[in-house]
2 protein chains.
Amino acid sequence: MTIDSRLSWTQVRDEIRARILNRTYAPGDKLPRDEDLAQELGCARTTVHRAMQDLSLAGLVERKRKGGTHVKADPVTRATFDIPITRREVEQRGSKYGYQLIQRSVELTPPAIMARFGLPKAIKMMRVKALHLSDNRPFILEDRWIDIRSNPEILEVDLTTQSANEWLVLHKPYSRLDLRFYAMNATGEIAKHLDTPDTSAVLVIERTTWIGAEPITTVQAVTTPGYQLSSVR
Amino acid sequence: MTIDSRLSWTQVRDEIRARILNRTYAPGDKLPRDEDLAQELGCARTTVHRAMQDLSLAGLVERKRKGGTHVKADPVTRATFDIPITRREVEQRGSKYGYQLIQRSVELTPPAIMARFGLPKAIKMMRVKALHLSDNRPFILEDRWIDIRSNPEILEVDLTTQSANEWLVLHKPYSRLDLRFYAMNATGEIAKHLDTPDTSAVLVIERTTWIGAEPITTVQAVTTPGYQLSSVR
DNA sequence: AAATTCAATATGTAGCTACATAATAATGTC
DNA sequence: GACATTATTATGTAGCTACATATTGAATTT
């Protein structure tokens with residue numbers, strides 16, 4: 001047991017956090033040097049340092065060499081979100097997962113897709129439209145573009161049984177990710193596929209990945225009405 | 001310069017990440033022990049440990065004592081989002097920030113609000129409706145409930161000039177946060193305030209905070225059509 | 001054979017030292 | 001006084017040691 005023997009860095013972190021919360025150190029204030037805090041709390045500087053690193057990562061404080069540590073004057077809310085593979089998401093809710101391929105083709109990228117990747121000119125990419133089902137009801141409709149140059153193997157994959165979502169996530173790691181959320185009115189074809197009234201509001205998750213500077217894939221995942229994204233922890 | 005003298009933990013992290021990306025270590029695989037990796041890469045175990053911690057936090061690997069380190073079999077996309085104070089957000093886009101108080105009252109919490117906080121029965125809370133403007137155009141409409149028990153001072157604050165958003169963020173730290181995003185159709189009063197056509201889809205950010213077990217505030221922030229949230233870094 | 005105990009092992013944590021690095025303050029020069 | 005140089009200082013990083021802790025698997029007992 002580590003009853004009162006030594007302070008762990010998480011305890012130190014929590015203590016400093018508590019002081020920030022109760023305004024012992026107010027927004028904009030300068031915190032004591034790591035070494036002084038270490039002495040006051042009865043631990044090593046390394047321990048305070050580790051605690052500070054965590055607080056810095058959480059966006060609570062800002063550190064600068066020689067400048068010292070300051071409580072962020074302008075606090076931002078920082079939250080983490082997990083986006084699992086769709087199949088997993090459905091199954092974790094205890095529902096039956098289903099999948100339907102709608103379309104599979106090779107097309108020239110329209111300007112909107114070029115913009116997502118930052119491409120200077122149109123190229124041919126594979127386009128896959130598919131519907132993910134939860135208990136046989138529409139769940140997420142995805143419209144995906146895949147760069148054939150970095151993923152030639154995708155041309156051989158049977159996408160009627162396995163979703164491109166899953167294949168890519170298991171076989172094509174990425175080094176850069178852009179995620180964005182926005183709302184749109186489901187109309188026309190989208191409303192039809194999602195089996196939802198025309199113009200109903202739906203949340204859209206847009207996900208674009210690269211490996212190095214090479215585009216891999218970009219998806220527009222249109223969720224069904226009522227879908228919520230919530231932060232972890 | 002640290003040309004080839006010693007490996008930094010970030011270099012080690014990137015090396016291991018690269019190996020995961022190029023399938024040297026595939027999803028589900030067991031990675032070598034920290035100590036072996038350290039020896040192979042020519043650094044101390046501490047350095048490998050720090051690198052691994054980071055990869056674990058990023059959700060790329062899973063570590064267990066004695067069990068060793070494994071590449072996550074079921075990769076999730078983990079992304080971080082920053083939600084700044086609305087005023088800051090507007091100003092950072094180079095626009096002029098404006099603010100209008102719409103309503104301020106003390107009401108009994110309806111079931112939806114009780115549910116957000118997990119309250120067993122209705123209590124009186126302060127309710128504030130306000131509109132944030134960007135270049136004199138509607139930007140975000142917020143409908144906020146504030147627990148007067150944990151925030152009695154709010155009753156004295158002049159909310160016609162300062163937004164509750166800002167006052168709370170500067171004076172009322174939280175220890176627990178729930179953030180969620182969803183889409184809705186702007187109708188009636190909301191559409192009117194946002195000056196947008198009826199039923200247009202808007203992104204909603206719902207943010208609920210507690211200090212310890214005590215509720216602080218919950219907001220439903222309705223953005224204007226076209227608003228996007230994007231991940232950091 | 002099942003259950004319990006115990007040793008082995010990989011990661012987790014804390015402390016120490018030593019040095020690197022960036023930013024500021026102090027100093028010196030023209 | 002303006003500018004360049006140097007010293008100081010707080011954080012950042014790496015290495016080492018020592019021990020804690022969880023978990024697995026083997027050994028032992030019932």
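Chain naming here is simple, since letters A, B, ... match the order of the sequence lines and numbering starts at 1 in each.
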Quiz item: To the nearest angstrom, how far is D54(B) atom CG from dT11(C) atom C1'?
Solution: 17 Å
Practice problem: Return the value, rounded to whole Å, for the distance between atom CG of D14(A) and atom C1' of dT13(C). | Solution: 15 Å
Practice problem: Using the closest heavy atom to pick a nucleotide of DNA chain D for each, name whichever of R45(B) or K30(A) lands nearer the 5' end. | Solution: K30(A)
Quiz item: Is any side-chain N of the basic residue among E40(B) and R19(B) closer than 4.0 Å to the acidic one's carboxylate O?
Solution: yes
Exercise. Please state how far atom CE in M52(A) lies from atom C1' in dG12(D), giving the value in whole angstrom units.
Key: 14 Å
Practice problem: Taking only the side-chain nitrogens and oxygens of R33(B), find out if one of them lies under 4.0 Å from OP1 or OP2 of dA10(C). | Solution: yes
Exercise. Quickly work out the H49(B) NE2 to dT13(D) C1' distance and round it to whole Å.
Key: 15 Å
Quiz item: Checking all strands, does T47(B) fall into the base, sugar-phosphate, or nothing category for heavy-atom contacts under 4.0 angstrom?
Solution: sugar-phosphate
Exercise. Kindly indicate whether the side chain of R50(A) and the base of dG15(C) share any N or O donor-acceptor pair separated by less than 3.5 Å?
Key: no
Quiz prompt | Euclidean distance, H49(A) NE2 relative to D34(A) CG, rounded to 0.5 Å | solution = 6.5 Å
Quiz prompt | Nucleotide dT13(C), atom C1' - distance to CD of Q53(A) in whole Å | solution = 16 Å
Quiz item: Heavy atoms under 4.0 Å, any strand shown: does G67(B) hit a base, just sugar-phosphate, or nothing?
Solution: nothing
Quiz item: What is the distance, rounded to the nearest whole Å, between atom CG of D34(B) and atom P of dA10(C)?
Solution: 10 Å
Exercise. Rounded off to whole Å, could you give me the NZ-to-C1' distance for the K64(A) and dA20(C) pair?
Key: 19 Å
Quiz prompt | Sole residue of Y182(B), F81(B), Y227(B) in ring-ring contact (aromatic ring centres under 6.0 Å, His included) with F181(A) | solution = F81(B)
Quiz item: Think T69(B) has a side-chain N or O under 4.0 angstrom from the OP1 or OP2 of dA10(C)?
Solution: no
Exercise. Calculate, to the nearest 0.5 Å, the distance between atoms CG and CG belonging to L159(A) and L101(A) respectively.
Key: 6.0 Å
Exercise. With sequence neighbours excluded, tell me which residues meet side-chain hydrogen bond (donor to acceptor under 3.5 Å, both in side chains) with R180(A).
Key: D178(A), Q228(B)
Exercise. Specify the separation, in whole Å, of atom NZ of K66(A) and atom P of dA26(C).
Key: 8 Å
